[in-house]
Structure formats: C-alpha cells, structure tokens
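Only one structure is covered here, and it is reproduced in the block below.
Numbering of ligands and ligand atoms starts at 1, following listing order. Side chains are part of it too, since the values below use all heavy atoms of this structure and drop only hydrogens, waters and symmetry mates.
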Amino acid sequence: MSLLTSLMGMMSSASGAAAAAEAGQAAASAEQAASSGAAAIPEVAMKSSAWLPENAAATAGDVDSLFLAVLGLSVFCFVGITFAVVYFTVKYRARPGHKPQPSPAHKDWLEITWTVIPAIICVFLFVGGWRDYIRAATPPKHALEVQVKGMKWKWQFTHYNGVKDDELHVPVGRSVRLVMTSNDVLHSFFVPAFRVKQDVVPKRYTQLWFKATEPGRYRVYCAEYCGLDHSQMKTVVVVHEPGGYEKYLQSKYDEQMNMTPVERGQMVYNGYCVACHTVDGSARVGPTFKGIFGDTHEMTDGTTAQVDENYIRESVLEPQAKIRKGYPPSMPSFQGTLTDDDITGIVEYLKSLK
Ligand code: CUA
C-alpha cells in the first residue's frame, strides 16, 4: 500500500505544478479575449486533481466505471498475491528440524475455480469495453461538426461559417463531431475531461465525438509524440452556456471579416510563425521578420534574393525553394493551410515591421 501512496503523492505534486502553469495561461488568454473584444467566454477555472480529471462529458462516466473496475481488480490481485507470497515465504521457510512436504500435483475443484471466476470477470470487462468502444466509434447523427487540423505544433479549428480559431469552442449539451486530419505527421487529439482521444493522421480523416455537460474550459493535449514542441501542442475546449456558442461564432466572424491586411497578418503570425520567427530582430529557428522587407539576402546555394511580395509568398508555400544562408531548411509548407488573404496579410505585416 505504501507504494500506492507514494505514487499518488508523485501524481498530485506533478499535476499541481501543471495546474499552476495552466492557470497562468488561462489568465493570459482571458486578457487576450477581453482586449480583442471577443464574445464573453465563461471563465471556469481548470480543476486539477490527484485522482481522475474532472468529468465533463456525457459518456465519461462509463469510461470511468470501466477504468475503476480494472484498477480495483488489479489492486485486489496485487495486494492478495503480495500478501500470499510474503506469508508463505515466512511460514514455509527452511528451518532446522523442518522437512520439505510433498504437495499434490492436481486438484480439480481448485483448477476449475481459478479458471471459471477470472473468465467470468473477463467477459464482464469485455462487454463493458465493447459497449463503450461502439459508442465512441458511432457519433450521433446531426451532431455539430467542427473541422480540426493538427500541425507542428498547434491545433486549428474551422467552424461551419468559416471561422478559424486555435481554441475549440462548442455549445454545452450538444453532440459535437470532430473531423480531423493532419498537415504533417501523426498527432493525437486528447481531452482528458471528456475521456476521448483519437489519432490525427495526414492524408486521411479520423473522427471523434463528445457531448459536453458542463460549461467551462478544458485542456486539450497532443498525445502522440510529434517532434520538438510536442509538449507545447496544447489548447483548450471552451464549452459555452446555451446561446454563447452562436454569439462567439458571430463576433469571431465579424472580427475576421473586418480585419485590415496588417491585422490579419499579425493574427497569422501569432498562430503559425511565432514559434520560429521573431519580430524584434533576433534570430530564432528562422530569420527575424523585423525590417527585412526590401532587403537582399544571400541563400545557401550562393544566389541572392530580394525580400519582396513574391519571395514571401514562395517562402510560405514552398519553403525549400530558397534557403537563407545560415538557417536550417526546416520550415514546413503552408500550402492548403493559409489562404491567399492570409499570405497577403503576412506580406503586409512584414512591411509594417520597420
Ligand atoms: Cu502533435 Cu504531439
């Protein structure tokens, strides 16, 4: 039992640190939302616990019951077997004056018992697992659909009215079906509070569904190691009160339609470029964006190129066409991810960084 206690201790201190970090993030994103005038997002603190994460989806309870059944059985067997081993080791240890006793080779009633009881338990676990699997694999008809794209190293959500966002917004009490694909490598979409997880695969669609039962903000992780910033590939699901989802979609739509090209470019920059390119003149994985428009740069193949509109467009769509000297050829293509308006935005945003 002391092993279990110390394990629990480790789990609770690790999740405490994670909770503190997440709380900071939540506060920052709330500030962002307030300053950009986005729809009011319900601010429910993301709870953390040493035990199972909060349970905020209609089918999560069934998953928990099955998990607890397996865990309970495992603990029971672990304790029982450990106790028996220790007890028999002490009781039948070699001592002066004690001779080894012959033990029976076969006992029908014992063998039948230890076969039949575990078999019955396995059937119960199988039926529960099968039922939950079928339910997870079969989204209800008329579920609300959201398109999800995984990429190194962020999530992008596209709603039916064209609004794109890097947080997932959904209404409470409604089945939501995510249609997911990846831009590059394998990722995995994981929402612990909903007890759902699904691989996200390039060149094909996978799906996942849930019905959120409590308004609030819930963590989303990438659960498939996908490279350098895998651990940073996280966001939140915002579950809106009734009516809030429609309000959010409308305000986000207005905001995205009325952006100036520079504002759009800044949004795209914060969404896609910021991990590798700075706007303050310092180099990161790639060159800075500050003050480079109009400059002439030397490339790795010895040629030179001027940073103009077409150069930027090419660098976004075919990053390997020209590699600036001194930098690795590690940028992925944004073909199919960024629209023409997005690219124009990036060009104009670069021009604005003098
Ligand atoms: Cu995406 Cu790990």
Side-chain angles (χ1 to χ4, degrees), residues 11 14-15 17-26 28-29 32 46 48 52-53 56-57 60 63 136-137 139 145-159 163-170 176-210 212 217-239 267-277 284-286 316-317 319-320 328-339 342:
M11 275 160 64
S15 68
E22 296 283 351
Q25 261 191 2
S29 76
Q32 230 176 32
M46 292 196 275
S48 199
L52 293 173
V63 178
E145 271 190 26
V146 181
Q147 308 290 324
V148 180
K149 202 177 256 189
M151 63 197 82
K152 292 194 260 181
W153 287 278
K154 70 190 291 286
W155 299 102
Q156 187 194 58
F157 305 96
T158 309
H159 295 270
V163 160
K164 288 185 199 304
D165 202 350
D166 47 19
E167 290 180 349
L168 174 58
H169 289 249
V170 296
V176 177
R177 174 174 180 248
L178 304 182
V179 180
M180 311 191 290
T181 189
S182 164
N183 245 17
D184 34 53
V185 298
L186 287 175
H187 303 278
S188 179
F189 188 86
F190 180 32
V191 188
F194 297 168
R195 312 289 192 270
V196 290
K197 176 156 70 176
Q198 172 62 50
D199 278 5
V200 178
V201 184
K203 295 186 166 57
R204 76 149 79 168
Y205 295 105
T206 53
Q207 63 172 356
L208 173 158
W209 80 274
F210 57 82
R217 300 169 67 87
Y218 304 98
R219 297 170 198 169
V220 175
Y221 296 102
C222 176
E224 177 85 43
Y225 180 66
C226 55
L228 184 66
D229 278 335
H230 158 70
S231 63
Q232 298 306 310
M233 193 169 162
K234 52 189 182 178
T235 180
V236 291
V237 189
V238 181
V239 178
M267 179 184 80
V268 174
Y269 170 80
N270 285 324
Y272 298 95
C273 320
V274 68
C276 302
H277 299 278
R284 209 171 274 169
V285 181
V316 170
L317 299 178
Q320 311 305 324
S330 56
M331 180 167 153
S333 170
F334 287 88
Q335 183 100 46
T337 304
L338 297 182
T339 62
D342 292 338

Phe189 vs Val220, test: side-chain contact (heavy atoms from CB on, under 4.5 Å). Steps then yes/no.
CA-CA 7 Å; Phe189 188 86; Val220 175; 3.5 Å; yes

As a test of reading the structure, name the N/O/S atom of His230 that is nearest atom 2 (Cu) of ligand 1.
ND1

Could you tell me whether Lys154 sits above the aromatic face of Tyr272, with NZ or CZ closer than 6.0 angstrom to the six-membered ring centre and within 45 degrees of the axis?
yes

Of all N/O/S atoms in Glu224, the name of the one nearest atom 2 (Cu) of ligand 1
O

Is Tyr225 close enough to atom 1 (Cu) of ligand 1 to have an N, O or S atom under 2.8 Å?
no

Give, rounded to 10 degrees, the angle between SG (Cys222) and SG (Cys226) as seen from atom 2 (Cu) of ligand 1.
120°

Do you see a donor-acceptor pair shorter than 3.5 Å between the side chains of Thr235 and Asp166?
no

Hey, what's the ring geometry for Phe190 with Tyr221, parallel, tilted or perpendicular (30° and 60° as the breaks)?
tilted

Nearest N/O/S atom of His187 with respect to atom 1 (Cu) of ligand 1, by atom name, please.
ND1

Should the ring pair Tyr218 and Phe194 be called parallel, tilted or perpendicular, given that the plane angle runs from 0 to 90° and is split at 30 and 60?
tilted

